[in-house]
Trainee: 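Below is one structure. I have some questions about it.
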Amino acid sequence: MTERRPRPSVDAALAMIEDAVTPLGIESIEAGDALGRISAGPAIAELDVPRFMASAMDGFAVRSADVLAATRENPVDLLLGGALPAGGEAGSLLAGHAVPISTGARLPQGADAILVREFGEVVGACLRVRRPIEAFRNVRARGEDMARGGELIGAGHLITPDTIGALAACGIERIAVRRMPRLVLVSSGSELAADRAGLSDQAKAIDCNAPMILAAARSLGLPVRFLGRMADTPEAVGQMLDTAFVPGDADILISTGGVSVGDFDLVRSGLEARGVRIHFHGVQMRPGKPLLFAELPDGRPYFGLPGNPVAALVAFRFFVMAAVRRMLGLAREVGAPVSADAEPREGTTLFLRGRRVPDPEGRVRIDTSLDQRSHVLSSVVHADHWLRVSPDAPRFLAYPKLPLL
Ligand SMILES: Nc1nc2c(c(=O)[nH]1)N[C@H]1C(S)=C(S)[C@@H](COP(=O)(O)OP(=O)(O)OC[C@H]3O[C@@H](n4cnc5c(N)ncnc54)[C@H](O)[C@@H]3O)O[C@H]1N2
Ligand code: MOO
């Protein structure tokens with residue numbers, strides 16, 4: 001067997017991934033298509049929002065100076081003009097006049113305050129006002145939401161539906177985003193069948209890692225291609241690696257299985273035969289201890305995820321995602337400090353399936369009584385968080401179960 005270096009800690013392994021991976025290129029796309037993408041630079045408002053001084057309520061537009069002296073006993077009567085709907089031609093408001101106005105309508109020239117409809121007393125052709133209305137009452141100022149030339153978002157912002165709405169409002173039609181990393185996936189193991197129909201042989205098991213990792217990638221909008229299942233023979237592994245390595249449509253290569261110390265764990269030797277540089281093979285953690293991270297001669301990262309399903313999932317969730325984040329120009333994910341009932345383990349970081357439970361003091365507490373063995377996937381289904389338990393401080397960090405950008 002090839003000589004092995006000491007296994008890095010989780011943080012050291014993450015740092016090695018971040019060092020080896022570089023951010024991907026930038027592309028300009030339609031803002032309306034940018035959901036789930038990461039901005040590559042600042043987006044600058046093209047328009048003021050609101051574009052003009054507008055009414056914030058349905059009511060009456062007035063000149064505040066006209067009603068300064070209004071009191072209950074000595075009201076001021078303002079002559080009512082024609083109603084002003086949103087999008088209507090605003091014109092101007094003469095002294096001593098008022099106009100009914102809708103929410104969002106541009107204030108007529110001269111008007112500077114709105115009396116809300118509910119408090120308006122209409123007497124014949126007049127609006128009777130019984131107290132002063134201060135300037136700018138119920139008025140939206142031009143550009144108070146977003147000012148033309150101002151920065152709506154900077155680089156490294158995840159574009160969510162609210163971002164898309166704000167981009168549209170301030171007239172930004174195209175946006176520069178990072179290219180999304182494209183993944184290819186292979187599963188290894190002669191025992192694996194695609195589905196129930198392939199289980200004729202008693203020793204076969206369904207390949208659940210492939211659909212799981214594909215789904216995890218797709219949940220983030222990452223393009224991913226499944227190359228298939230490879231048998232545990234040097235020829236099959238070699239052939240699959242040669243296919244996976246063809247440059248062109250993948251930024252990150254991933255396999256599951258075949259990375260521990262068994263006679264049929266052939267991924268590492270297959271990689272080494274192709275001049276791949278192994279950055280680490282094994283991490284001081286559970287599950288996922290045999291995780292392998294390597295770099296192809298052309299610089300692309302390769303992840304050999306361990307075969308046990310929960311180990312594969314944890315390795316994807318925390319380590320492949322570290323590479324994805326780096327490619328997107330994002331910083332390392334930060335967990336939330338929580339309290340938990342778990343026992344830290346000397347020299348090893350644990351990733352435990354956790355459930356949030358009420359704490360008497362209202363803090364977040366994570367229960368880890370679920371089955372924590374690495375072949376048991378059903379307990380992950382019933383978990384709502386990953387709990388990272390470190391040998392050093394911070395002891396307990398919670399992460400959302402689904403990887404997030
Ligand atoms: N002597 C040792 N044995 C094992 C060690 C060790 O350190 N010394 N490590 C254990 C740990 S930890 C893990 S994790 C596994 C990882 O092994 P491999 O990555 O080589 O994976 P395989 O041997 O191919 O499979 C392990 C296990 O997972 C099942 N599997 C594999 N792929 C899939 C898939 N796509 N879908 C569903 N299940 C899959 C496979 O059938 C095995 O049950 O090694 C331990 N052993
Ligand atoms: O660490 Mo293995 O990754 O226990 O399943």
Side-chain angles (χ1 to χ4, degrees), residues 1-2 4-10 13 183-196 198-199 201-217 224 226-234 236-237 240-241 244 253-272 278 280-294 302-320 345 347-353 368 370-381 383 386-389 391:
M1 206 180 70
T2 330
R4 296 230 178 145
R5 279 161 292 186
R7 289 200 299 266
S9 67
V10 164
L183 278 42
V184 293
L185 175 71
V186 179
S187 34
S188 99
S190 301
E191 76 280 23
L192 299 177
D195 50 29
R196 280 173 59 193
L199 294 179
D201 179 338
Q202 289 294 310
K204 295 260 185 191
I206 291 179
D207 175 2
C208 66
N209 288 351
M212 178 170 65
I213 301 299
L214 293 174
V224 59
F226 181 52
L227 291 185
R229 277 163 283 279
M230 53 189 182
D232 295 315
T233 65
V237 171
M240 195 60 101
L241 292 179
L253 297 92
I254 307 169
S255 59
T256 85
V259 289
S260 70
V261 296
D263 294 339
F264 300 105
D265 296 335
L266 301 161
V267 169
R268 182 178 178 139
S269 47
L271 291 171
E272 285 175 331
I278 311 288
F280 60 78
H281 185 184
V283 177
Q284 290 174 26
M285 65 172 180
R286 282 285 164 78
K289 187 182 62 169
L291 171 65
L292 180 150
F293 172 62
Y302 184 102
F303 288 90
L305 311 184
N308 274 327
V310 184
L313 187 60
V314 163
F316 180 88
R317 167 70 184 79
F318 291 96
F319 295 84
V320 178
R345 193 179 301 176
T348 299
T349 297
L350 307 173
F351 288 97
L352 303 182
R353 283 143 260 193
T368 58
L370 288 162
D371 190 328
Q372 301 292 347
R373 290 172 297 167
S374 66
H375 63 286
V376 176
L377 199 49
S378 60
S379 55
V380 183
V381 174
W386 288 108
L387 179 73
R388 175 180 159 163
V389 180

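Atoms within a ligand are numbered from 1 in the order they appear, just like the ligands themselves. Just the heavy atoms: all of them, side chains too, but no hydrogens, waters or symmetry mates, feed the values below. Sequence positions, counted from 1, serve as the residue numbers for this chain.
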Trainee: Among Leu292, Ile213, Val314, Asn308, which one puts a heavy atom closest to atom 26 (C) of ligand 1?
Mentor: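 Residue with the shortest heavy-atom distance to the ligand atom: Asn308.
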
Trainee: Determine whether any heavy atom of Pro290 lies closer than 4.0 Å to an atom of ligand 2.
Mentor: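 Per 4.0 Å heavy-atom rule, Pro290 contacts ligand 2.
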
Trainee: Report, in ascending order of atom number, the atoms of ligand 2 lying under 4.0 Å from any heavy atom of Pro287.
Mentor: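 Counting from 1, the qualifying ligand atoms are 1 (O), 3 (O).
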
Trainee: Touching ligand 1 at all, Ser374? Heavy atoms, strictly under 4.0 Å?
Mentor: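 Checking ligand 1 against Ser374, which is what was asked, there is no heavy-atom contact under 4.0 Å.
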
Trainee: Where do Ala311 and Gly288 come nearest, in terms of heavy atoms and distance?
Mentor: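 Looking at all heavy atoms of both residues, the closest pair is CB-N, 3.5 Å.
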
Trainee: So for ligand 1, is Pro309 a polar contact partner (N or O within less than 3.5 Å, distance only)?
Mentor: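 No, since none of the N or O atoms of Pro309 sits under 3.5 Å from an N or O of ligand 1.
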
Trainee: Would Lys289 count as a contact of ligand 1 if the rule is a heavy atom under 4.0 Å away?
Mentor: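 Right, Lys289 reaches ligand 1.
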
Trainee: Run the contact test for Ile206 against ligand 1 with a 4.0 Å cut-off on heavy atoms, strictly below, and give the result.
Mentor: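 A heavy atom of Ile206 does come that close to ligand 1.
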
Trainee: Any side-chain heavy atom of Val267 sitting closer than 4.5 Å to one from Tyr302?
Mentor: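 In short, these two side chains touch, coming nearer than 4.5 Å.
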
Trainee: Quick one about Ser187 and Asp207 (side-chain donor to acceptor, distance below 3.5 Å, no hydrogens or angles considered), yes or no?
Mentor: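 Yes - a donor-acceptor pair under 3.5 Å links their side chains.
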
Trainee: List ligand 1 atoms under 4.0 Å from Asp207, heavy atoms only on the residue side.
Mentor: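 Close to Asp207: 34 (C), 35 (N), 36 (N).
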
Trainee: Which atoms of ligand 1 are found less than 4.0 Å from any heavy atom of Thr256?
Mentor: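 Counting atoms of ligand 1 from 1, those under 4.0 Å from Thr256 are 35 (N).
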
Trainee: Quick one: which of Ala311, Ser260, Ser190 has a heavy atom closest to atom 4 (C) of ligand 1?
Mentor: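 Going through Ala311, Ser260, Ser190 one by one, Ser260 has the nearest heavy atom to atom 4 (C) of ligand 1.
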
Trainee: Is any side-chain heavy atom of Gln372 closer than 4.5 Å to a side-chain heavy atom of Arg286?
Mentor: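 No - every pair of side-chain heavy atoms lies 4.5 Å or more apart.
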
Trainee: At a 4.0 Å threshold, what atoms of ligand 2 neighbour a non-hydrogen atom of Ser374?
Mentor: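 Atoms satisfying the 4.0 Å criterion: 2 (Mo), 4 (O), 5 (O).
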
Trainee: Of the choices Ala312, Gly304, Pro290, Ser255, which has the non-hydrogen atom that lies closest to atom 11 (C) of ligand 1?
Mentor: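 Answer by nearest heavy atom: Pro290.
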
Trainee: Can you name the atoms of ligand 1, numbered from 1 with element, that are less than 4.0 Å from a heavy atom of Gly258?
Mentor: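 The atoms of ligand 1 under 4.0 Å from a heavy atom of Gly258 are 18 (P), 19 (O), 20 (O), 21 (O), 22 (P), 24 (O).
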
Trainee: Please tell me if the side chains of Asn308 and Pro287 come closer than 4.5 Å, counting only heavy atoms from C-beta onward.
Mentor: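 No - every pair of side-chain heavy atoms lies 4.5 Å or more apart.
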
Trainee: Does the gap between the ring centers of Phe351 and Phe318 come in under 6.0 Å?
Mentor: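 Yes.
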
Trainee: Show which atoms of ligand 2 fall inside a sub-4.0 Å distance from at least one heavy-atom site of Ala311.
Mentor: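 The list of qualifying atoms is 3 (O), 5 (O).
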
Trainee: Between Val389 and Arg345, is there a side-chain heavy-atom distance shorter than 4.5 Å?
Mentor: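 No, side chains not in contact.
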
Trainee: With distance as the sole test, does Arg353 use its side chain to make a donor-acceptor pair with the main-chain N or O of Asp371 at under 3.5 Å?
Mentor: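 Such a contact is found between Arg353 side chain and Asp371 backbone.
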
Trainee: Looking only at protein heavy atoms, which one is nearest to atom 1 (O) of ligand 2, and what is the separation?
Mentor: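 The closest one turns out to be Gly288 N, 2.8 Å.
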
Trainee: Is a donor on one side and an acceptor on the other found under 3.5 Å between the side chain of Ser190 and the backbone of Asp232?
Mentor: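 Answer holds: yes.
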
Trainee: Determine, using heavy atoms of Gly189 and all atoms of ligand 1, whether some pair is separated by less than 4.0 Å.
Mentor: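 No, that is not the case, since the closest heavy atom of the residue is not under 4.0 Å from the ligand.
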
Trainee: With heavy atoms of Lys289 as the reference, note each atom of ligand 2 found under 4.0 Å away.
Mentor: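 Every atom of ligand 2 under 4.0 Å from some heavy atom of Lys289: 1 (O), 3 (O).
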
Trainee: Are Val10 and Phe319 close enough that some pair of their side-chain heavy atoms sits under 4.5 Å apart?
Mentor: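 They are in side-chain contact.
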
Trainee: Please could you name the atoms of ligand 2 that Asn308 approaches to less than 4.0 Å, counting only its heavy atoms?
Mentor: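 Contacts of ligand 2 toward Asn308, numbered from 1: 5 (O).
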
